[in-house]
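Here's the structure we're looking at; comments come further down.
Throughout, a chain's letter reflects where its sequence line sits, starting with A, and its residues are numbered from 1.
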Amino acid sequence: MLDIKLIRSNPEIAKKNMVDRNGGAEVIDRFIKVDEQRRERLSVVEKLKSNRNTVSEQIGIMKKEGQDAENLVKEMRAVSQQIKEMDEEIRQIDEELTALVMTIPNVPHSTVPVGADEESNRLERQWGTPRDFSFAAKPHWEIGEGLDILDFERAAKVTGARFTFYKKAGARLERALINFMLDLHTVEHGYTEILPPFMVNRDSMVGTGQLPKFEEDMFHLENTDYFLIPTAEVPVTNIYRGEILSEQDLPLYHVAYSPCFRAEAGAHGRDTRGLIRQHQFNKVEMVKFVHPTESYEELERLTANAERVLQLLELPYQVVCLCTGDLGFSAAKTYDIEVWLPSFGAYREISSCSNFVDFQARRANIRFRPQEKGKPEFVHTLNGSGLAIGRTTSAILENYQQEDGSVVIPEKLRPYMGGKERITAE
RNA sequence: GGAGAGAUGACCGAGUGGUUGAAGGUGCACGCCUGGAAAGCGUGUGUAGGGGUAACUCUACCGAGGGUUCGAAUCCCUCUCUCUCCGCCA
């Protein structure tokens with residue numbers, strides 16, 4: 001959520017932001033109006049409360065001295081009633097104000113290209129060269145079924161569409177990738193490993209911005225108010241919800257493996273085959289809590305950490321900077337890393353690295369106390385996939401496939417596969 | 001699932017209706033003392049919101065939400081979490 005004071009003092013900036021992000025500017029006008037209304041009511045009721053406090057104190061003294069205070073008591077009874085009514089009125093105003101501010105997206109950083117959709121995303125760099133195939137390259141689902149390491153049909157029977165059984169070397173490959181990435185980020189990039197709960201409560205979903213706006217994309221558990229996490233970002237960012245960290249704790253780097261659960265409402269008919277779009281997929285996620293002055297440098301480093309995985313696996317990729325219209329709700333700046341998928345003949349997203357600046361921190365109330373005394377300030381939060389495991393598996397199967405249907409295992413991954421060099425049909 | 005106990009500031013811990021935003025202690029910050037340090041002494045030390053150029057001032061907050069009352073950290077109700085014992089269980 002944005003700083004209310006910022007909207008109040010710079011409504012024009014807030015409006016331009018809404019327009020750049022394909023939203024309506026009327027929300028801002030409504031917000032300003034309701035906010036004024038709130039302050040006006042607030043000052044009235046606070047005067048009443050102040051009055052009640054002094055008179056109540058006086059009543060106490062009078063009673064102690066044995067005087068009759070019945071008149072004052074009667075008077076205050078009326079005042080209290082009035083306060084109660086006004087408090088209720090203000091509560092309703094607050095509710096509307098909160099609802100309004102929750103629908104306003106973050107302000108993009110000045111380096112973010114302005115544009116309506118992915119056409120305006122800016123290509124930052126490319127790494128590696130897509131391989132030339134001397135035979136017809138197959139999509140990963142065909143490779144996986146051919147090797148009997150992926151089973152989509154039975155998963156559809158057992159659960160439903162967009163689920164998969166991994167088998168044999170496929171299951172091991174998925175597990176190897178998880179361990180490979182966790183080891184890389186903890187040992188070489190300085191992250192602390194976390195294994196979080198895979199369900200969270202409503203407050204956590206609100207804290208990172210999945211709710212209230214995107215509830216239809218989430219799996220909600222019946223008879224509870226728990227949600228299956230759509231990414232480890234949710235439990236990990238919420239670790240420090242409502243806390244004040246000390247400045248020397250910053251920056252905090254966390255890395256977490258988790259399965260991710262997404263309803264994919266509104267994605268009907270898209271990526272229906274293969275591992276690209278599943279209701280449940282594995283992901284290694286990096287989360288950072290940093291000092292506000294350093295968050296943009298940290299974003300570059302975070303992105304580099306994710307890129308490193310692809311470099312070690314020798315998978316060609318490119319990095320794009322999302323434009324204002326394509327940017328997620330809470331992000332101020334996002335780099336998408338896209339891996340080359342031969343079957344698509346295109347680069348597909350495999351990681352998304354974002355700087356949320358103080359947007360999530362304000363919402364989740366995560367602060368730090370500056371050493372030079374001073375008031376607590378909001379930290380800046382960042383996160384990025386490091387990487388999406390299912391999509392990495394797809395990329396390996398497709399990029400490393402051989403004409404005979406087998407798949408060569410990237411060299412750096414072999415220690416995690418018991419030294420195996422190649423996946424073949426057994 | 002059954003029975004019981006509890007939740008107060010960065011931390012420990014008082015406090016059962018009336019200057020309690022909250023005693024006392026620890027920690028922390030600053031100052032004095034010291035050759036330097038420890039000890040000692042002194043001062044200060046929450047968050048959020050409203051008003052004011054400012055000094056400042058008002059309001060709210062003692063797990064969360066309701067209620068009783070002129071007045072609630074203190075009384076009542078609901079919920080959440082923690083702990084102990086029993087049952088069950090990976």
Side-chain angles (χ1 to χ4, degrees), chain A residues 1-9 31-102 195-207 211 220-221 223-227 235 238-250 252 259 289 358-359 361-379:
Chain A
M1 112 193 189
L2 284 179
D3 188 353
I4 287 175
K5 286 176 182 159
L6 191 108
I7 305 174
R8 200 183 279 157
S9 55
F31 176 87
I32 302 278
K33 199 174 149 213
V34 176
D35 179 52
E36 267 165 25
Q37 202 182 350
R38 171 175 173 273
R39 277 180 295 163
E40 182 265 323
R41 299 269 79 187
L42 208 53
S43 88
V44 175
V45 79
E46 286 191 353
K47 280 201 185 86
L48 287 176
K49 284 182 182 174
S50 172
N51 178 247
R52 180 180 68 182
N53 285 348
T54 45
V55 173
S56 290
E57 200 174 295
Q58 208 180 325
I59 290 171
I61 293 165
M62 286 173 76
K63 286 206 167 169
K64 206 176 269 175
E65 290 172 352
Q67 295 181 44
D68 174 37
E70 198 41 47
N71 284 342
L72 288 177
V73 168
K74 226 178 255 171
E75 205 181 303
M76 284 308 105
R77 197 172 294 158
V79 170
S80 269
Q81 186 53 38
Q82 204 182 340
I83 288 173
K84 205 171 164 187
E85 283 161 19
M86 289 193 69
D87 273 344
E88 173 56 23
E89 196 183 334
I90 290 168
R91 196 193 58 75
Q92 282 176 15
I93 293 174
D94 271 337
E95 213 167 81
E96 178 175 1
L97 213 52
T98 311
L100 279 173
V101 79
M102 288 298 202
L195 185 62
F198 300 156
M199 304 175 199
V200 297
N201 59 31
R202 185 170 287 273
D203 285 344
S204 295
M205 293 293 267
V206 171
L211 297 183
H220 186 219
L221 298 179
N223 301 328
T224 72
D225 210 14
Y226 293 158
F227 294 83
N238 278 284
I239 289 178
Y240 306 109
R241 171 153 52 83
E243 296 190 24
I244 300 178
L245 307 168
S246 70
E247 193 173 26
Q248 61 259 36
D249 291 342
L250 302 180
L252 283 164
F289 302 84
D358 59 357
F359 192 88
R362 178 171 293 106
R363 213 164 155 134
N365 197 21
I366 306 169
R367 293 171 293 174
F368 73 99
R369 192 180 297 283
Q371 219 126 55
E372 306 295 318
K373 298 219 163 187
K375 300 220 155 214
E377 286 181 48
F378 291 109
V379 301

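- For the P atoms, the distance from B:C30 to B:U19 is 35 Å, rounded to whole Å.
- As rounded to whole Å, 9 Å separates atom C1' of B:C58 from atom NZ of A:K47.
- For the C1' atoms, the distance from B:A38 to B:G49 is 44 Å, rounded to whole Å.
- Remark: the separation of the C1' atoms in B:G40 and B:C33 is 8 Å, to the nearest Å.
- For B:G1, the paired nucleotide is B:C86, the pair qualifying as Watson-Crick or G-U wobble because both relevant distances are below 3.5 Å.
- Listed pair A:N53 / B:A60 meets the phosphate criterion, a side-chain N or O lying under 4.0 Å from OP1 or OP2.
- Interface remark: the A:E46 side chain does form a donor-acceptor pair with the B:G49 base, using a distance-only criterion of under 3.5 Å.
- Straight-line distance from the CD atom of A:Q81 to the P atom of B:G71: 10 Å, rounded to whole Å.
- Under the side-chain hydrogen bond (donor to acceptor under 3.5 Å, both in side chains) test applied with A:Q92, the options A:E88, A:E96, A:E95 reduce to a single match, A:E88.
- Contact annotation: A:K84 reaches the phosphate of B:U68 (side-chain N/O to OP1 or OP2, under 4.0 Å).
- Residue-level contact check: A:R202 touches neither bases nor backbone, having no heavy atom under 4.0 Å from any strand.
- Within the 4.0 angstrom heavy-atom criterion, no nucleotide atom of any strand lies near A:K74.
- Across B:G27 and B:G13, the matching C1' atoms stand 14 Å from one another, rounded to whole Å.
- Residues A:F368 and A:I244 share a closest heavy-atom pair of C-CG2, 4.1 Å.
- Within the nucleic acid shown, A:R367 comes within 4.0 Å of sugar-phosphate atoms alone, with no base atom in reach, counting heavy atoms only.
- B:C81 atom C1' lies 13 Å from atom CG of A:D203, rounded to whole Å.
- Summarising the geometry, the separation between CG on A:N365 and P on B:G49 is reported as 10 Å, rounded to the nearest angstrom.
- No side-chain heavy atom of A:R8 sits under 4.5 Å from any side-chain heavy atom of A:E36.
- In this structure, of B:G50, B:C70, B:U47, it is B:G50 that holds the atom nearest to the side chain of A:R8.
- Between A:I61 atom CD1 and B:U19 atom C1' the separation is 8 Å, expressed in whole Å.
- Listed candidates were B:A60, B:G49, B:G18. Nearest to the side chain of A:R52 is B:A60.
- Taking the side chain of A:K49 as heavy atoms from C-beta on, and the options B:G67, B:C70, B:U59, the nearest nucleotide is B:U59.
- Using a 4.0 Å heavy-atom criterion, one finds that A:R41 contacts no nucleic acid atom at all.
- Listed nucleotides B:G18, B:G71, B:G50 differ in distance to A:S43; the shortest reach to its side chain belongs to B:G50.
- Note on A:R39: a side-chain N or O is less than 4.0 Å away from OP1 or OP2 of B:G51.
- A:E243 and A:I239 get closest at one heavy-atom pair: OE2-O, 3.5 Å.
- Within the structure, a side-chain polar atom (N or O) of A:S50 is placed less than 4.0 Å from OP1 or OP2 of B:U59.
- When heavy atoms are screened at a 4.0 angstrom cut-off, A:L42 is found touching the sugar-phosphate backbone but no base atom.
- Using a cut-off of 4.0 Å between Lys/Arg side-chain N and Asp/Glu carboxylate O, A:R91 and A:D87 are scored as not salt-bridged.
- Rounded to whole Å, the separation between the P atoms of B:U53 and B:A73 comes to 33 Å.
- Look at CE on A:M62: it is 12 Å from C1' on B:C70, rounded to the nearest Å.
- Taking the P atoms as reference points, B:C81 lies 46 Å from B:G42, given to the whole Å.
- Counting only heavy atoms from C-beta outward, the side chains of A:N201 and A:Y226 approach each other to under 4.5 Å.
- Here the separation of B:C12 from B:G4, taken at their C1' atoms, is 25 Å to the nearest Å.
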